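In what follows, a single structure is set out as structure tokens and then discussed.
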Amino acid sequence: WLFQSDYFWESIRSARNKRLYDSDWTQLPDSPLTSEQKQEWTAYRQQLREVPETNAGVTIDSAIIWPEKPPTPRN
């Protein structure tokens, strides 16, 4: 078995980008979030961007440590 770093991180970045995309609505001016909630989501999104750096030594996807998503407001 030969670890393919480029393919591995491409897959992780793709999963990360999906999480960012799914949370884009939290940054819109008309989102239903309070200022505090928006800050939580902003921090979460920054942590997502840092996933490759914070998991630099990882070689298996199940070992990736993903940040915890803030609660979604209920209507």
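Being a predicted model, the structure only gives us computed values, none of them experimental. The figures that follow rest on heavy atoms only: side chains count, while hydrogens, waters and symmetry mates do not. All residue numbers in this chain count up from 1 along the given sequence.
Inter-residue side-chain proximity for P52 and R16 is flagged as met; some heavy-atom pair is nearer than 4.5 Å. Side chains of Q47 and T54 form no contact here, defined as non-hydrogen atoms less than 4.5 Å apart. Between K69 and D22, every side-chain heavy-atom pair lies at or beyond the 4.5 Å cut-off. Looking at P71 and E40, their side chains come closer than 4.5 Å, going by heavy atoms from C-beta outward.
In the hydrophobic clustering of this structure, F3 groups with I64; members are Ile, Leu, Val, Met, Phe, Trp, Tyr whose side-chain heavy atoms approach within less than 4.5 Å, directly or through other members.
Enclosure of atom CD1 in I65 is not indicated, since only 12 or fewer non-hydrogen atoms of other residues, nucleotides or ligands lie within 6.0 angstrom. Taking a 6.0 Å sphere around CD of E68, one finds it holds 12 or fewer heavy atoms contributed by other residues, nucleotides or ligands. Summarising the local packing, CD of Q46 is surrounded by more than 12 heavy atoms from other residues, nucleotides or ligands at distances under 6.0 Å.
Distance alone, capped at 3.5 Å, is enough to place a donor-acceptor pair between the T42 side chain and the K38 backbone.
In this structure, CH2 in W9 is found 9.5 Å from OG1 in T59, a value given to the nearest 0.5 Å. A distance of 11.5 Å separates CG in N55 from CG in D61, rounded to the nearest 0.5 Å.
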Q | R45/T26 under side chain to side chain contact (heavy atoms under 4.5 Å, CB included): CA gap, chis, key distance, verdict | A | CA-CA 10 Å; R45 290 167 56 84; T26 67; 3.9 Å; yes
(Q) side chain to side chain contact (heavy atoms under 4.5 Å, CB included), that's the test. Do V51 and W66 meet it? Break it down for me. (A) CA-CA 7 Å; V51 161; W66 293 101; 3.9 Å; yes
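Of all heavy-atom pairs between P67 and Y44, the closest is O-CE1, 3.6 Å. Residue P70 comes nearest to W41 through the heavy atom pair O-CZ2, 3.3 Å, listed as atom of the first residue, atom of the second, then distance.
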